There are 2 protein chains.
Amino acid sequence: MSQAAVVQLFKALGDPVRLQIVQRLSNGVPLCMGELSKDLGISRQGARKQIQALVTANVVQLHPVGREVKVQLDATALTQGRDFIAALEAQWDQRLQALKQFTEQ
Amino acid sequence: MSQAAVVQLFKALGDPVRLQIVQRLSNGVPLCMGELSKDLGISRQGARKQIQALVTANVVQLHPVGREVKVQLDATALTQGRDFIAALEAQWDQRLQALKQFTEQ
DNA sequence: CCAACATGCAACTAATTGGTTGCATGTTTT
DNA sequence: AAAACATGCAACCAATTAGTTGCATGTTGG
């Protein structure tokens, strides 16, 4: 996964409205635009723009069904983000381990 | 961990310059402002602002030492971010499991 | 067929952000 | 003490972003 893709992912998650949308979709049930736009405190068109941002960051996919559009989470994006953080932590832990070895000598 | 804190964390990581800073610090070696500002393609003062953003998001801590200031990663923030994503994935997997059960009947 | 519905798109505004430059201040080194 | 160094801070600018409104378009139900 490219550096830029990870940045895009975290940027997408780094907004209260978008994160809330992701949370609502995390139970696996796809919701259509209209439903998803409710209770966000912003207009439908405003919500639409945030959803589009999630699409661009590959956090979410759109599936048109008749006159409505289902929005579905793409959990692989989440996994990639988690893996990225885990890799950072691994480096960190490795260093701490080395320091521990050093002080124990 | 509050919703807002997670948003702040992801927002902090959702920028190429800041993510690069975090990566440089992930090996556990604290760097001072000056070193950290190099090779980012921006001015020292510009880099400083990004570092401050990381401080605000609790991704990094500052430790003044004489005339310089050491910047150290706070890995607990990373862990909290990873845990948050893992929780979303858990919900997701749970739902997939339920769907599998359903189709197998 | 027509009304109600779900959505898309463009133009616009206000706020935030990422960056700059210039200058001030405290700390080493010689 | 003076020069060099590491940093801090404020003012400013350009670009991006988050949101709005208004209107157009395709779809479904009676």
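From a predicted model like this one, the values you see are computed outputs, not experimental measurements. Proteins get letters first, then strands, A, B, ... in listed order; numbering begins at 1 in each.
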NA contact type, [X], heavy-atom cut-off 4.0 Å: base, sugar-phosphate, or nothing?
{"X": "A:Gly66", "value": "sugar-phosphate"}
{"X": "B:Gly34", "value": "sugar-phosphate"}
{"X": "A:Lys70", "value": "nothing"}

Taking the side chain as C-beta and beyond, is there a heavy-atom pair between [X] and [Y] under 4.5 Å?
{"X": "B:Leu88", "Y": "A:Gln23", "result": "yes"}
{"X": "B:Leu31", "Y": "B:Lys70", "result": "no"}
{"X": "B:Thr79", "Y": "B:Asp83", "result": "yes"}

If you only use heavy atoms from C-beta on, which nucleotide in C:dT20, D:dG8, C:dT7 is closest to the side chain of B:Ile42?
C:dT20
Of the listed nucleotides C:dA6, D:dA18, C:dG18, the one nearest the side chain of A:Lys49
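Closest nucleotide among those given: D:dA18.
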Does a side-chain N or O of [X] approach OP1 or OP2 of [N] to a distance below 4.0 Å, or not?
{"X": "B:Ser43", "N": "C:dT20", "result": "yes"}
{"X": "B:Arg67", "N": "D:dA4", "result": "no"}
{"X": "B:Gln50", "N": "C:dG19", "result": "yes"}

Spacing of CG belonging to A:Leu36 relative to CD1 belonging to A:Ile51, to within rounding of 0.5 Å
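If I round to the nearest 0.5 Å, the distance is 4.5 Å.
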Write down the distance between [atom1] ([X]) and [atom2] ([N]), rounded to a whole number of angstrom.
{"X": "B:Leu36", "N": "D:dG8", "atom1": "CG", "atom2": "P", "value": "12 Å"}
{"X": "A:Ile21", "N": "D:dA18", "atom1": "CD1", "atom2": "P", "value": "11 Å"}
{"X": "B:His63", "N": "D:dT7", "atom1": "NE2", "atom2": "C1'", "value": "17 Å"}
{"X": "A:Glu68", "N": "D:dG29", "atom1": "CD", "atom2": "C1'", "value": "14 Å"}

Between A:Gly46 and B:Cys32, the residue closer to the 5' end of DNA chain D by nearest nucleotide is B:Cys32
Stepwise side-chain contact (heavy atoms from CB on, under 4.5 Å) test for B:Arg82 and A:Glu89:
CA-CA 10 Å; B:Arg82 181 170 52 81; A:Glu89 290 178 297; 2.3 Å; yes
Donor-acceptor pair under 3.5 Å: do we get one between A:Gln45's side chain and the base of D:dG22?
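When only heavy-atom distances are counted, A:Gln45 does reach the base of D:dG22 through a donor-acceptor pair under 3.5 Å.
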Do the side chain of B:Arg44 and the base of D:dG8 come within less than 3.5 angstrom through a donor-acceptor pair of N or O atoms?
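Yes, a donor-acceptor pair under 3.5 Å.
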